[in-house]
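Note that the structure is a prediction, hence the values are computed from the model and not measured. Just so it is clear: chains get the letters A, B, ... in the order the sequence lines come, proteins before strands, and each one is counted from 1.
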Amino acid sequence: MSHQNLLTKDAIARILEGEKVINPRVQVLGYKKVMGDGSDKGQVRYRFLLSDGKSSHQFCVMMGQLIERIEMGEFERFSVIQLNEYILNSLQDRKVMIILEPQLIKRGSDIGQRIGNPSAPTTPNSAGANTSFNASVPRLSAPPMASTSVPRAGRSAPVPTPSYLSDVNQVVCGIADLNPYRNRWAVKGRVSAKTPIKQWSNAKGEGKLFSFDITDDTGEIRITAFKTECEKFFDVVEVGKVFTISKAVIKPANKKFSPLNNDYELTLGNDSIVIPGDDDDSDCPKMSFNFVKIKDIAATNADSFVDVLAVCKSVGELVTFTQKNTGRELKKRDISLVDDTEMEIKLTLWGEEAERQIANEGSAVVVKKAKVSDFNGKSLTTTQNSFVQIDPTMSEAFGLRGWYERSRDTLRPKPLSVTTSSYENAQWRNLSEINLAAVRNERGALTFSTVATVIQVGKLSIYLACPTAGCKKKVTDMNNGYYKCDKCNKNFEDYEPRLILGLAISDFGGELWITLFHEDAEKILGIKAKELIQMRDANATEYEEIIGALNFRRFTFRLRSAEDRYKEEVRVRTTALAINEIPTGDYQKKLLELVNSLSL
DNA sequence: CCCCCCCC
C-alpha cells in the first residue's frame, strides 16, 4: 500500500515555483522547534520538513496558535496534512512556506512510513548547510550582519549618523509583498504624503504621532510613528523622498480609516530603521498622477479620491470653527480652482496648509488624492492622504498657467460648487418639482422662489447662542450664571436666544418641509425671540396662538434645497433665504375657523 | 498607542 494517492502530485515543487496550489496534501517527514533571534527574539516556531512524495522542502514554518497542536502531537511524523492556507515567502533565495491552516488528513501512526521517495531538500544559499534534517539546522532568519554606521556625506566635519538612520541589512521586498509572517524585511518607497504631528489625549493616555505613506512599484503602505519615534523621525521624513524602512511592526490596517491599497500598516518602534535613499531610485516611481479635469468631477462619486491639476482663481478667508462632536477647533480655507474645461470647483484646505495660505490667484495647484464631496454641488477637500503642490515644475502646470494668463480676463467658468450667496438668479419652481433628482440636477443645491401656503407648523426650537456678533454658536449653561461658548472659548453672563422654526408649506401641486432660521422665524412670527420666551413662560395660551396663527398664511419664499446626508440617508433639506407675505384678506381666517370647527 | 478628516 503506497498511500501515494493521499498526496497532491508535485505539490511542493509547484508551490515553490510560485503556483498557488489549492489545499495541497503533503506528508510530514519531521519537524523541529526553533526560536526567533531577530526582531522576533524568543518567539517559538516549528520548522517542518514536508514532502509530496517526490520532492521535499525543509523551510516550512508553523507558529502562533498552531504550536499547541504541534506539541499535542497532531502533526507527528508521517502525518498527511492538508494546507488550507499558506504563504510562500521568498527571502533572499530561500523560500519559506508559512503554514497558516493545516488540517490533519491521516495520522502519522496510521501511515507509519515515508510515502514515495522524495529527493533531499534543497538548500540553495546555505553553504555548508546540512542536508540531514535532524542535525542542527540553520536559523530560519538570515544571520544578522555586522551593523555598519555610515555617516552621510557632508561638506563639513562628518556628523555621526544615528544607527537608526544608517543600519540596514534586511532584504528589500516589495511593499505589496509585506505580510506579518515575514521576519526579516525592509521596504523602500517614496513618501507620497505626510501628516503634521498630532497630539492626542484619551482615556487610554496621551501622546503624539505622525504618519506617512510610502509607494514603490508594487504598492503603498502607511507608516505611523508614536511618541519617541514621532520626535525621532518627523524631521527625517520628507514628502517626495525615498526611504528604506525596516524593523517596523506590521499590523493589519483598519480599512475604515485608510483608503490606501494595503491590508497592512507599519508602526515604527524603538529599533526601527529609516534610511534616506536615492531620490532618483527607479524602483520607486516618482509621484504619479491621474489627473481628472474639473468638468469630469461633476460625474465623480462623493468620497472618491481624484488627482487634479488646476489654477487657483481665488483664495478665501481663513475660517476657524469648532467641530460639533469633539469640540475641536478646526481651521480651513477654501480656494477656487479652474482649468481649461472652464469649470470651477472649490477646494478646502485644512490646518497648517490653510493658515499658511499656500496658493495665490494664478498659482498652479496639484492635488494628489483630493477627496470629492457633494455638499452644495461638488467640491474637493484635502485629507490626510492628500498631497498638495503649488506651482510644481511639471510642463502640464506651466501649460495650464499659460492658458489661465491668456483667458483670465474673459474667463467665466461654470461653478461646480455652489456658494451660499449665489442665489441671485433663482428660478421659480413649483413644490412638486423639488426632489432629490432636481437638486442633483443642479449639482447639489437648487435655489428657487415659490409662492406657497403654510399648512403645518413644526418644531420651534429656541436655543441659547453666543452673544458675540456673528458667532451664533450654541452656548452651554454652566449653571453658575455663566454661559460658555466653545467657539469663542469664553464665558458670558449673557446669551442671545435664537430661533429655528420648521414649517410645512404647500402650493397647488406639492408640499415641502422647510427650515427658517432666526431672522426669518422672528419675521414670520412677528415677534422677537426674547419676547417670545417671556410670553412662553408667562402665558402659554398666547404663545400657542402666535404659533398657530402661522397656518394658512401665504408667502413668497426664496428657498434653497440641498442634498443632505443624515445618518446614511440622503434627502433634500430646504432652508429659507427670504420670505415675503402675500396678504390674503380674511381667507386665512376663514380657513382657520373651518379647521377649528372640524377638530372640535 | 491614532481612528477625527472635519464646517456649512
Rounded off to whole Å, could you give me the [atom1]-to-[atom2] distance for the [X] and [N] pair?
X	N	atom1	atom2	answer
A:Arg333	B:dC5	CZ	C1'	19 Å
A:Lys198	B:dC3	NZ	P	3 Å
A:Glu352	B:dC5	CD	C1'	16 Å
A:Lys255	B:dC2	NZ	C1'	17 Å
A:Asn254	B:dC3	CG	C1'	7 Å
A:Leu349	B:dC8	CG	P	19 Å
A:Glu329	B:dC6	CD	C1'	13 Å
A:Phe210	B:dC4	CZ	P	21 Å

(request) Between B:dC3, B:dC8, B:dC6, spot the one nearest the side chain of A:Lys371, thanks. (result)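 Of the options given, the side chain of A:Lys371 lies nearest B:dC6.
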
(message) Measuring from the side chain of A:Lys227 (C-beta onward, heavy atoms only), which nucleotide among B:dC4, B:dC1, B:dC8 has the closest atom?
(response)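 Closest of the options to the side chain of A:Lys227: B:dC1.
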
Donor-acceptor pairs under 3.5 angstrom involving side-chain atoms of residues 187-195 of chain A: please list them, not counting sequence neighbours.
{"from": "A:Lys188", "atom 1": "NZ", "to": "A:Asp281", "atom 2": "OD2", "distance (Å)": "2.7"}
{"from": "A:Arg190", "atom 1": "NE", "to": "A:Cys284", "atom 2": "O", "distance (Å)": "3.4"}
{"from": "A:Arg190", "atom 1": "NE", "to": "A:Pro285", "atom 2": "O", "distance (Å)": "3.1"}
{"from": "A:Arg190", "atom 1": "NH1", "to": "A:Gly240", "atom 2": "O", "distance (Å)": "3.0"}
{"from": "A:Arg190", "atom 1": "NH1", "to": "A:Asp279", "atom 2": "O", "distance (Å)": "2.8"}
{"from": "A:Arg190", "atom 1": "NH2", "to": "A:Asp279", "atom 2": "O", "distance (Å)": "2.9"}
{"from": "A:Arg190", "atom 1": "NH2", "to": "A:Cys284", "atom 2": "O", "distance (Å)": "2.9"}
{"from": "A:Ser192", "atom 1": "OG", "to": "A:Asp213", "atom 2": "O", "distance (Å)": "3.4"}
{"from": "A:Ser192", "atom 1": "OG", "to": "A:Thr215", "atom 2": "OG1", "distance (Å)": "3.4"}
{"from": "A:Lys194", "atom 1": "NZ", "to": "A:Phe234", "atom 2": "O", "distance (Å)": "2.7"}
{"from": "A:Lys194", "atom 1": "NZ", "to": "A:Val237", "atom 2": "O", "distance (Å)": "2.9"}
{"from": "A:Thr195", "atom 1": "OG1", "to": "A:Ser211", "atom 2": "N", "distance (Å)": "3.0"}
{"from": "A:Thr195", "atom 1": "OG1", "to": "A:Ser211", "atom 2": "O", "distance (Å)": "3.4"}

(request) Sequence neighbours left out, what passes salt bridge (charged side-chain N to carboxylate O under 4.0 Å, His left out) with A:Lys484? Give chain and number order. (result)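 If we apply the salt bridge (charged side-chain N to carboxylate O under 4.0 Å, His left out) test to A:Lys484, skipping adjacent residues, the hits are A:Asp486.
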
(message) By the 4.0 Å heavy-atom rule, please label A:Glu265 as base, sugar-phosphate, or nothing.
(response)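 Since a base atom lies under 4.0 Å of A:Glu265, the category is base.
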
(request) Compare the ring of A:Trp200 with the six-membered ring in the base of B:dC2 and state whether they stack (centres under 5.5 Å, planes under 30°). (result)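 It does not: the ring fails the test against the base of B:dC2.
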
Using only side-chain N and O atoms of [X], determine if any of them is under 4.0 Å from OP1 or OP2 of [N].
X	N	answer
A:Lys204	B:dC2	yes
A:Lys208	B:dC2	no
A:Asn385	B:dC5	no
A:Lys251	B:dC1	yes

(message) So does A:Glu220 get a backbone contact from the side chain of A:Asn262, meaning a donor-acceptor N/O pair under 3.5 Å?
(response)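 Between the backbone of A:Glu220 and the side chain of A:Asn262 there is a qualifying donor-acceptor contact (under 3.5 Å).
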
(request) Using heavy atoms to find the nearest nucleotide of DNA chain B for A:Lys256 and A:Lys332 separately, return the residue whose nucleotide is more 5′. (result)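 Closest to the 5' end, via its nearest nucleotide, is A:Lys256.
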
(message) If you define the side chain from C-beta out and look only at heavy atoms, does anything of A:Ile245 sit under 4.5 Å from A:Phe212?
(response)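 Sidechains of A:Phe212 and A:Ile245: in contact.
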
(message) Quick check: A:Phe492 with A:Tyr483 (ring centres under 6.0 Å apart)?
(response)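 A:Tyr483 vs A:Phe492: aromatic centres not under 6.0 Å.
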
